[in-house]
Amino acid sequence: MTMPVSHVTVRVPLTIRRRPGRKTLVSLGFGADGGRIATKADPALVKALARAFRYQKLLDEGRYASISDMAAGEKIERGYLGTLLRLTLLAPDLVEAILNGRQPEGVTLPRLLEGVPVVWGEQR
């Protein structure tokens, strides 16, 4: 028996602005007062988080038995995959801040890939 597949499509109006040395995502959302607000999220950090949570979901669903199997299946280096998966251990409010472009100063992808404490309180 095949399980029905459901899909969810999320559309987020945004633009990518090119700045010297980097690209910046600017959300075209609206604030509580109805005025337009611009959010600047680090595209590399957002992309890494999205990949990390996707890979974690694949593991949780049992599509891959181990990180090694996934690395081979996804054609990426095992060490990098393990490092990326650690991003799923970030505190939910920190993930939200990153996605909204409001992460604390110094929270960058290279710094997060170096390693973060597992305890959420220590991450802040």
Side-chain angles (χ1 to χ4, degrees):
M1 177 187 288
T2 314
M3 297 293 292
V5 177
S6 63
H7 298 281
V8 175
T9 302
V10 177
R11 298 189 192 280
V12 179
L14 57 88
T15 60
I16 298 176
R17 293 196 180 148
R18 297 184 191 279
R19 310 249 165 135
R22 63 184 175 146
K23 295 176 189 168
T24 303
L25 290 177
V26 179
S27 171
L28 301 178
F30 293 91
D33 62 354
R36 200 168 267 252
I37 57 170
T39 303
K40 297 178 182 178
D42 180 351
L45 194 47
V46 170
K47 189 175 182 178
L49 276 173
R51 284 182 175 165
F53 280 98
R54 177 182 171 267
Y55 294 144
Q56 184 62 52
K57 182 179 178 185
L58 293 175
L59 281 173
D60 293 344
E61 291 174 345
R63 293 193 187 180
Y64 295 103
S66 68
I67 294 175
S68 298
D69 290 344
M70 183 185 298
E74 297 289 319
K75 297 181 176 86
I76 59 176
E77 199 266 320
R78 187 197 179 287
Y80 178 69
L81 177 58
T83 301
L84 246 158
L85 284 170
R86 286 196 310 248
L87 294 178
T88 63
L89 302 176
L90 289 173
D93 59 318
L94 186 54
V95 172
E96 184 177 349
I98 290 168
L99 295 176
N100 289 329
R102 294 182 175 88
Q103 69 269 19
E105 190 70 31
V107 176
T108 62
L109 182 57
R111 183 150 185 265
L112 290 177
L113 292 179
E114 288 175 3
V116 293
V118 177
V119 179
W120 290 350
E122 294 174 13
Q123 292 176 7
R124 295 178 188 96

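Start at 1 with the first residue, then count along the sequence.
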So do the side chains of Q56 and L85 get within less than 4.5 Å of each other, counting heavy atoms only?
yes
If you take all heavy atoms of A44 and L109, which pair is closest and at what distance?
O-CD2, 3.8 Å
What verdict does the side-chain contact (heavy atoms from CB on, under 4.5 Å) test give for L87 and L113, after you've listed the backbone C-alpha separation in whole Å, the side-chain angles of each residue and the deciding distance to 0.1 Å?
CA-CA 8 Å; L87 294 178; L113 292 179; 4.3 Å; yes
Expected list for residues 76-83: side-chain donor-acceptor pairs under 3.5 angstrom, two or more places apart:
residue, atom, partner, partner atom, Å
E77, OE1, G79, N, 3.3
E77, OE1, Y80, N, 2.9
E77, OE2, G79, N, 3.0
R78, NE, S68, OG, 3.0
T83, OG1, G79, O, 2.9

Please check if the side chain of E122 supplies one atom and the backbone of P117 the other of a donor-acceptor pair under 3.5 Å.
no
Between L84 and A52, what is the shortest heavy-atom contact and its length?
O-CB, 3.1 Å
Taking only Lys NZ, Arg NE, NH1 and NH2, and the carboxylate oxygens of Asp or Glu, determine whether R54 and E74 approach each other closer than 4.0 Å.
yes
Minimum heavy-atom separation for L90 to V95, with atom names?
CB-CG2, 3.7 Å
So which of L112, I98, T108 actually passes side-chain contact (heavy atoms from CB on, under 4.5 Å) with Q103?
I98
Taking all non-hydrogen atoms of both residues into account, name the closest pair between D69 and A65 and its distance.
OD2-CB, 3.4 Å
When rounded to the nearest 0.5 Å, the distance separating CZ of R102 from CD of E96 is 9.5 Å
Minimal non-hydrogen separation, A41 against V46, with atom names:
CB-CG2, 3.8 Å
